[in-house]
> 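The structure's right below; bear with me while I get my questions together.
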Amino acid sequence: MKPHLKPLVKQLLSARRVALPGAAPADTLRAPSLPYPDGWFCLAFTDEVRPGSVVTRPLAGAEVVLYRTAKGVLRAVPPRCPHLGAHLGVGGSVEGENLVCPFHRFAFDPAGTCVRTGYDKPPPKASLAQYPVCEANGAVYVWWHALGLPPRWEVPVLPLDDRQPFSHDTFDLAGHPQDVIENAFDWGHLPALHGLKGLDIDGSPVAGEPVSTVTATARGTMMRGFRQSYSLTVIGLATIAASTALPRDAGHLYVMLHATATGPGRIQLRFGTKLELKGVPGVPERIGRAAAMPAARLLSTVLQRVARVDTGADLLMWHHQEHVERPKLAKGDGPIGRYRQWAQQFYTEPTGGVSAPRPALTEMSRAEE
């Protein structure tokens with residue numbers, strides 16, 4: 001990162017909600033020009049939704065309540081109880097396998113069916129809609145589509161060790177998922193903003209495919225002093241997953257960047273780091289394998305602090321960036337034009353306006369409407 005940006009980035013990271021004096025966030029300058037994209041969007045890292053927990057997250061102008069039952073069943077539902085409209089994420093609780101409303105203690109099973117009231121009377125014929133939800137790569141994804149259509153593709157599963165969680169942070173800022181994911185194909189900003197040197201990068205999105213891959217080698221990455229090879233897996237307009245092989249086949253470093261639209265011109269940016277080690281250098285193999293997991297968890301926390309400073313420079317740009325519909329591209333920018341053509345597949349309406357907030361419902365929920 002360029003030295004003159006470090007004070008601004010440190011201020012940004014300490015606030016979590018991006019706010020800097022002297023410049024207005026992009027969403028206050030003009031109406032957003034891009035609608036909400038369709039696809040799978042990360043609403044939490046896996047360790048944020050533990051068995052028995054209930055959390056509320058914004059998504060495309062609405063709210064989604066995530067919860068996990070005692071047996072580990074993960075569900076995503078609308079926030080309003082169908083009885084009298086209480087917010088299930090404000091005082092709602094998980095009792096065994098049921099989600100219980102805080103107002104009248106109506107209980108809903110994992111299928112969404114009301115199975116009990118709070119006053120020993122037969123439950124009404126009421127049910128909760130279910131939003132498509134999946135868990136992959138240490139993250140919880142919910143499907144959103146402007147017309148409420150069901151999922152059309154699956155989130156690819158990367159070769160991660162699920163026993164170890166990511167060290168992670170979440171930031172609220174102005175921006176749009178398309179502009180965030182564009183970073184994977186904006187090759188010119190890597191030396192200009194991040195100081196990478198000797199960059200050799202390759203990869204373009206394939207029309208019609210929801211997942212794309214970029215491979216690169218460079219100096220000046222998180223692994224200072226080494227020329228590192230890494231790959232970027234781009235998942236829709238939601239996620240950039242970076243994988244770096246450690247020197248001497250010691251393991252892998254994974255960095256996840258998730259962009260989720262929360263409202264017109266606003267996003268939540270989730271950023272996580274995880275180091276997976278095969279052993280500990282200088283330690284006998286048997287002992288090294290046993291110590292690898294706790295050592296990796298500790299180092300992941302340290303690396304997250306290092307990585308978020310570098311990523312903070314991107315946050316600073318996105319928070320004040322206005323989307324340019326017809327950019328004046330230069331040689332060395334990377335395949336930005338091809339990326340933007342690829343991105344059109346994730347919009348129900350490719351131009352103008354912000355789509356109405358309408359997360360998709362499962363087929364079961366549709367039948368019960």
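This chain uses plain numbering: 1 for the first residue, then up along the sequence. This is a predicted model, so every value here is computed, not measured.
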> Taking C-beta and beyond as the side chain, do Val157 and Asn137 meet within less than 4.5 Å on heavy atoms?
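Yes, their side chains come closer than 4.5 Å.
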> Identify the two heavy atoms, one from Ala295 and one from Leu277, that lie closest to each other, and give their separation to 0.1 Å.
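Looking at all heavy atoms of both residues, the closest pair is CB-CD1, 4.4 Å.
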> Check whether more than 12 heavy atoms from other residues, nucleotides or ligands sit under 6.0 Å from atom CZ of Arg338, and answer yes or no.
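Result for CZ/Arg338: open.
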> Enter the distance from Leu299:CG to Leu253:CG here, rounded to the nearest 0.5 Å.
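That separation rounds to 10.5 Å.
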> How long is the straight-line distance from CG of Leu59 back to OH of Tyr131, given to the nearest 0.5 Å?
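Tyr131 OH to Leu59 CG: 8.5 Å, rounded to 0.5 Å.
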> Mind checking whether Lys71 and Pro110 have side chains closer than 4.5 Å, heavy atoms only?
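No. Closest side-chain heavy atoms not under 4.5 Å.
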> According to a 4.5 Å side-chain heavy-atom criterion applied to Ile, Leu, Val, Met, Phe, Trp and Tyr, with indirect links allowed, do Ile240 and Phe166 form part of one hydrophobic cluster?
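They do not share one cluster, since no chain of ILVMFWY contacts under 4.5 Å joins Ile240 to Phe166.
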> To the nearest 0.5 angstrom, please state how far the CD atom of Glu182 sits from the CZ atom of Arg340.
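Result: 4.5 Å between the selected atoms.
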> Using modelled atom types and a 3.5 Å cut-off, is there a donor and acceptor pairing between side-chain atoms of His252 and backbone atoms of Leu246?
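No.
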> Look at atom CD of Glu95 and say whether more than 12 heavy atoms of other residues, nucleotides or ligands are closer to it than 6.0 Å.
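Atom CD in Glu95 is crowded, with more than 12 foreign heavy atoms closer than 6.0 Å.
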> Before giving the answer on side chain to side chain contact (heavy atoms under 4.5 Å, CB included), spell out for Val73 and Arg68 the whole-Å C-alpha distance, their side-chain angles and the decisive distance to 0.1 Å.
CA-CA 5 Å; Val73 177; Arg68 197 187 298 273; 5.9 Å; no
> Is it the case that the side chain of Asp161 and the backbone of Arg163 share a donor-acceptor pair, with hydrogens and angles ignored and the cut-off at 3.5 Å?
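Looks like yes, one N/O pair under 3.5 Å.
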> Applying ring-ring contact (aromatic ring centres under 6.0 Å, His included), name anything that partners Tyr141, two or more places apart in sequence or on another chain.
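Tyr141 satisfies ring-ring contact (aromatic ring centres under 6.0 Å, His included) with His258 once adjacent residues are dropped.
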> Are any non-hydrogen side-chain atoms of Arg75 and Thr69 less than 4.5 angstrom apart?
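No, their side chains stay 4.5 Å or more apart.
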> Kindly say whether Pro264 contributes a backbone atom to a donor-acceptor pair with the side chain of Asp27 at under 3.5 angstrom?
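A pair under 3.5 Å: no.
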> Grouping I, L, V, M, F, W and Y whenever their side-chain heavy atoms are under 4.5 Å apart, do Phe45 and Leu43 come out in a common cluster?
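In one cluster: no.
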> If every non-hydrogen atom of Pro159 is compared with every non-hydrogen atom of Tyr254, which pair is closest and at what distance?
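In terms of heavy atoms, the two residues are closest at O-OH, 3.4 Å.
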> Here's a test for you: under side-chain contact (heavy atoms from CB on, under 4.5 Å), which of Asp169, Val309, Leu275 qualifies with Gln304?
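It is Asp169, the one option of Asp169, Val309, Leu275 that forms the side-chain contact (heavy atoms from CB on, under 4.5 Å) with Gln304.
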> Please check: side-chain N/O of Trp143 versus main-chain N/O of Leu149, any donor-acceptor pairing under 3.5 Å?
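Yes: the side chain of Trp143 pairs with the backbone of Leu149.
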> Could you grab the distance from atom CG of Asp186 to atom CG of Asp333, nearest 0.5 Å is fine?
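The CG atom of Asp186 sits 6.5 Å away from the CG atom of Asp333.
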> Could you give the distance from CD (Gln268) to CG (Leu173), rounded to the nearest 0.5 Å?
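The CD atom of Gln268 sits 9.5 Å away from the CG atom of Leu173.
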> Taking Glu276 for its side chain and Leu160 for its backbone only, find out whether a donor-acceptor pair lies under 3.5 Å.
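Not confirmed, Glu276 side chain does not pair with Leu160 backbone.
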> Are any non-hydrogen side-chain atoms of Val65 and His87 less than 4.5 angstrom apart?
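Result yes, sub-4.5 Å side-chain heavy-atom pair found.
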> Do Leu190 and Ile201 have side-chain heavy atoms sitting under 4.5 Å apart?
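Yes, close enough: below the 4.5 Å cut-off.
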> For a 4.5 angstrom cut-off between non-hydrogen side-chain atoms, does Ser212 reach Tyr339?
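They are not in contact (no side-chain heavy atoms under 4.5 Å apart), so the answer is no.
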> Answer whether the closest heavy-atom distance between the side chains of Pro156 and Ile235 falls below 4.5 Å.
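Result yes, sub-4.5 Å side-chain heavy-atom pair found.
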> Hey, what's the ring geometry for Trp342 with Phe346, parallel, tilted or perpendicular (30° and 60° as the breaks)?
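Because their plane-to-plane angle is over 60°, the rings of Trp342 and Phe346 count as perpendicular.
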> Would a hydrophobic clustering, with Ile, Leu, Val, Met, Phe, Trp and Tyr connected at side-chain separations under 4.5 Å, put Val211 with Trp40?
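Result: no, two separate clusters.
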> Does Asp109 use its side chain to pair, donor to acceptor, with the backbone of Ala111 at less than 3.5 Å?
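Looks like yes, one N/O pair under 3.5 Å.
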> Which heavy atom in Ala86 sits nearest to a heavy atom in Cys101, and how many Å separate them?
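Smallest heavy-atom distance, with atoms named: CB-SG, 3.7 Å.
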> Determine, step by step, whether Met256 and Thr239 satisfy the side chain to side chain contact (heavy atoms under 4.5 Å, CB included) criterion, reporting the C-alpha distance in whole Å, the side-chain angles of both residues, the deciding distance to 0.1 Å, and the verdict.
CA-CA 7 Å; Met256 305 293 290; Thr239 298; 3.9 Å; yes
> Do side-chain atoms of Lys274 reach the backbone of Gln164 as a donor and acceptor pair under 3.5 angstrom?
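Yes: the side chain of Lys274 pairs with the backbone of Gln164.
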> Are Leu199 and Val255 joined in one hydrophobic group, where the rule is that I, L, V, M, F, W and Y side chains link up if heavy atoms are under 4.5 Å apart?
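Looking at the clustering, Val255 is in the same group as Leu199.
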> How close do Leu237 and Phe41 get, counting heavy atoms only, and between which atoms?
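It is O-CE2, 3.5 Å.
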> How far apart are the closest heavy atoms of Pro25 and Ala174, and which atoms are they?
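Between these two residues, the closest heavy atoms are CB-CB, 4.1 Å.
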> Do you reckon Leu232 sits in the same ILVMFWY cluster as Val206, going by side-chain contacts under 4.5 Å, direct or chained?
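Unlinked, Leu232 and Val206 end up in two clusters.
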> Whether the side chain of Arg297 engages the backbone of Pro294 through a donor-acceptor N/O pair (distance < 3.5 Å, no angle test) should be reported.
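Side chain of Arg297 to backbone of Pro294: no pair is present.
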> Under 3.5 Å, side chain of Thr260 to main-chain N/O of Cys42, donor-acceptor pair present?
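A pair under 3.5 Å: yes.
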> Could I get the full list of ring-ring contact (aromatic ring centres under 6.0 Å, His included) partners for Tyr67, not counting sequence neighbours?
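Not a single residue meets the ring-ring contact (aromatic ring centres under 6.0 Å, His included) criterion with Tyr67.
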> Got a donor-acceptor contact below 3.5 angstrom from the Asp38 side chain to the Thr348 backbone?
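Checking the backbone N and O of Thr348 against the side chain of Asp38, a donor-acceptor pair under 3.5 Å is found.
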> Atom SG of Cys81 and atom CZ of Phe103: how far apart are they, to the nearest 0.5 Å?
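Atom-to-atom, Cys81:SG and Phe103:CZ are 9.5 Å apart.
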> Among all residues two or more places apart in sequence or in another chain, which pass the ring-ring contact (aromatic ring centres under 6.0 Å, His included) test with His323?
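In terms of ring-ring contact (aromatic ring centres under 6.0 Å, His included), with neighbours along the sequence ignored, His323 is linked to no residue.
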> Check the orientation of His83 and His104. Use parallel for under 30°, tilted for 30 to 60°, and perpendicular for over 60°.
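Plane angle over 60°, so perpendicular.
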> Between Ser300 and Thr273, what is the shortest heavy-atom contact and its length?
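Closest approach of Ser300 to Thr273, heavy atoms only: CB-O, 3.9 Å.
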> With side chains defined as the heavy atoms from C-beta onward, is the minimum distance between Leu315 and Phe271 less than 4.5 Å?
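Result no, sub-4.5 Å side-chain heavy-atom pair not found.
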> Would you call the rings of Tyr36 and Trp144 parallel, tilted or perpendicular, taking 30° and 60° as the class edges?
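Tyr36 vs Trp144 ring planes: perpendicular.
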